[in-house]
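Input: a single structure, listed below in structure tokens.
Computation of the quantities below employed the complete heavy-atom set of this structure, encompassing side-chain atoms and omitting hydrogens, waters and symmetry-equivalent molecules. Ligands are counted one by one from 1 in listed order, and the atoms in each one are counted from 1 as well.
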Amino acid sequence: MDEIKKLVEEAVSEINIAKDSTTLNNIRIKYLGKKGLITLLMKKLKDLPQDERPKFGALVNDAKNVVQNRINEKLREISEMEKRQKYEKMAVDVTTPGARRDIGHLHILTQIQKELEDIFISMGFEVVEGPEVEDTWHNFDALNTPDWHPARDVQDSFYFTENILLRTHTSPIQVRTMLQRKPPLAIVSPGRVYRRDYDSTHLPMFTQMEGLFIDKNVTVKHLKFTLEQMVTRIFGKDAKVRLKPSFFPFTEPSYEVDVWFGNTWLEILGAGMVDPNVFKNVGYDPNVWSGFAFGLGLERIAMVKYGIKDIRDFVRNDIKFLENY
Ligand code: PHE
């Protein structure tokens with residue numbers, strides 16, 4: 001009887017420290033298996049006197065039950081614990097800050113372009129676009145720009161053939177629009193233009209916006225008023241414009257236009273009254289029609305407005321620069 005008690009105690013203490021079901025199964029085999037320590041006790045039955053046998057048998061059976069029950073209990077505990085551990089691992093802390101995804105925004109030049117488009121659209125202008133690969137007639141000849149003009153030099157432009165080049169300005173859109181439509185006209189045309197330049201204030205590819213307004217009796221006052229509307233909306237109500245005499249083959253008179261901003265005059269565009277020769281080249285009667293044209297550099301506008309020093313920043317794709325605007 002002592003032996004039975006001892007075996008049960010041993011079995012129970014082994015079960016108590018078991019940590020997984022495999023260990024428990026081994027304990028079961030060790031004590032209750034076919035050759036298990038408790039099972040083997042039954043074999044001693046025949047060595048006992050007849051009258052003690054039932055009692056002994058009952059004790060061994062009790063011992064078996066105690067051990068088996070304890071194993072079952074422990075198995076339940078272990079599976080509970082495993083479940084709990086699994087759920088703890090799966091648990092989500094809903095108070096943890098989420099990983100935020102940056103969605104980005106429009107490039108500063110695109111923003112400026114849209115801002116300008118909105119301003120001109122509000123004054124009745126229409127946005128039109130044209131090809132970046134141009135022919136010399138639209139880019140130069142029709143714009144009264146003769147052969148000897150330095151802009152036509154291969155040193156200054158990108159030619160594919162003698163007559164095909166990357167447009168050097170958005171002014172050929174003036175020509176294309178006048179040929180396609182009938183006056184009166186009010187258009188702006190944003191787009192990329194190309195020249196053989198590269199330094200901190202010049203890129204080989206940059207962005208312009210052309211403006212063309214044609215009607216009867218158009219004067220420099222209309223031009224100046226339109227530009228004043230534009231600069232006060234881009235640079236604020238204190239901004240002023242100043243026209244300085246200049247020269248472009250396709251305007252007469254021609255002006256360089258300065259904006260008063262940040263306590264200085266800054267040059268931001270070229271402009272003028274459409275040259276009668278340009279009207280003749282597109283079949284408009286210069287005695288009936290008059291108009292103004294202007295061409296602004298979008299990089300220039302952005303540099304003045306935001307104090308950007310190096311024009312190359314627009315194309316460097318440096319996220320730290322782009323995020324500022
Ligand atoms: N096309 C000129 C340039 O690129 C700018 C301009 C446009 C001037 C329209 C007058 C009128 O420099």
Side-chain angles (χ1 to χ4, degrees), residues 109 113 116 120 125 127-132 134-146 149-153 155-158 165-178 185-197 201-215 218-227 230-231 241-259 266-279 281-282 284 286 289-301 303-304 311:
L109 287 176
Q113 181 185 321
L116 285 164
F120 286 110
F125 286 73
V127 179
V128 301
E129 285 182 36
E132 290 175 31
E134 256 306 355
D135 56 66
T136 45
W137 188 79
H138 286 92
N139 198 82
F140 297 123
D141 300 275
L143 288 163
N144 199 35
T145 306
H149 197 280
R152 298 188 69 142
D153 200 300
Q155 302 300 322
D156 293 319
S157 314
F158 295 100
L165 77 165
L166 289 171
R167 64 179 177 192
T168 59
H169 50 180
T170 43
S171 300
I173 302 301
Q174 290 186 35
V175 178
R176 289 184 175 274
T177 310
M178 287 190 277
L185 284 176
I187 58 125
V188 287
S189 184
R192 294 198 178 102
V193 301
Y194 303 84
R195 290 179 201 174
R196 287 186 184 268
D197 280 326
T201 54
H202 297 88
L203 286 175
M205 177 188 81
F206 60 106
T207 324
Q208 286 190 332
M209 183 177 274
E210 193 80 6
L212 178 67
F213 183 87
I214 296 173
D215 206 334
V218 180
T219 71
V220 178
K221 281 195 279 182
H222 298 111
L223 167 64
K224 197 175 181 210
F225 174 82
T226 306
L227 295 176
M230 191 250 321
V231 299
V241 293
R242 171 170 86 174
L243 305 190
K244 292 184 301 188
S246 184
F247 175 80
F248 297 101
F250 37 93
T251 46
E252 183 58 35
S254 300
Y255 305 99
E256 258 160 31
V257 182
D258 292 346
V259 60
L266 298 147
E267 194 196 316
I268 55 162
L269 63 119
M273 304 307 291
V274 180
D275 193 291
N277 284 340
V278 175
F279 281 140
N281 290 338
V282 296
Y284 287 14
W289 299 106
S290 49
F292 64 76
F294 58 84
L296 12 137
L298 299 198
E299 286 84 357
R300 190 92 193 107
I301 302 259
M303 287 169 89
V304 167
I311 196 171

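- Compare Ala151, Ser254, Ser171 by their heavy atoms: the one nearest to atom 1 (N) of ligand 1 is in Ser171.
- Interatomic distance, CD of Glu134 versus NE2 of His169, reported as 8.5 Å (0.5 Å rounding).
- Residue contacts with ligand 1 for Arg195 involve side-chain atoms from C-beta outward but no N, CA, C or O (heavy atoms, distance under 4.0 Å).
- The one candidate from Arg192, Glu299, Arg300 that meets the side-chain hydrogen bond (donor to acceptor under 3.5 Å, both in side chains) condition with Thr207 is Glu299.
- Near Gln208, meaning under 4.0 Å from any of its heavy atoms, are these atoms of ligand 1: 3 (C), 4 (O).
- Between Phe248 atom CZ and Glu256 atom CD the span is 6.0 Å, to the nearest 0.5 Å.
- Here CZ of Phe213 is found 12.0 Å from CZ of Phe120. Values are rounded to the nearest 0.5 Å.
- For atom 2 (C) of ligand 1, the nearest non-hydrogen atom of the protein is Phe250 CZ, 3.8 Å.
- With Ser246, Ala293, Gly211, Pro172 as candidates, the residue nearest to atom 11 (C) of ligand 1 on a non-hydrogen basis is Ala293.
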Mind running side-chain contact (heavy atoms from CB on, under 4.5 Å) on Asn144 and Glu252 for me, showing each step along the way? CA-CA 11 Å; Asn144 199 35; Glu252 183 58 35; over 6 Å; no
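- Counting atoms of ligand 1 from 1 in the listed order, those under 4.0 Å from a heavy atom of Gln174 are 9 (C).
- The distance from ligand 1 to the heavy atoms of Phe294 drops below 4.0 Å at these ligand atoms: 7 (C), 9 (C), 11 (C).
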Between Thr170 and Met209, is the side-chain contact (heavy atoms from CB on, under 4.5 Å) condition met? List the steps. CA-CA 7 Å; Thr170 43; Met209 183 177 274; over 6 Å; no
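- Residue, atom and distance of the protein heavy atom nearest to atom 7 (C) of ligand 1 are Gly295 N, 3.3 Å.
- Contacts between Ala271 and ligand 1, counted as non-hydrogen atom pairs separated by less than 4.0 Å, involve the backbone only.
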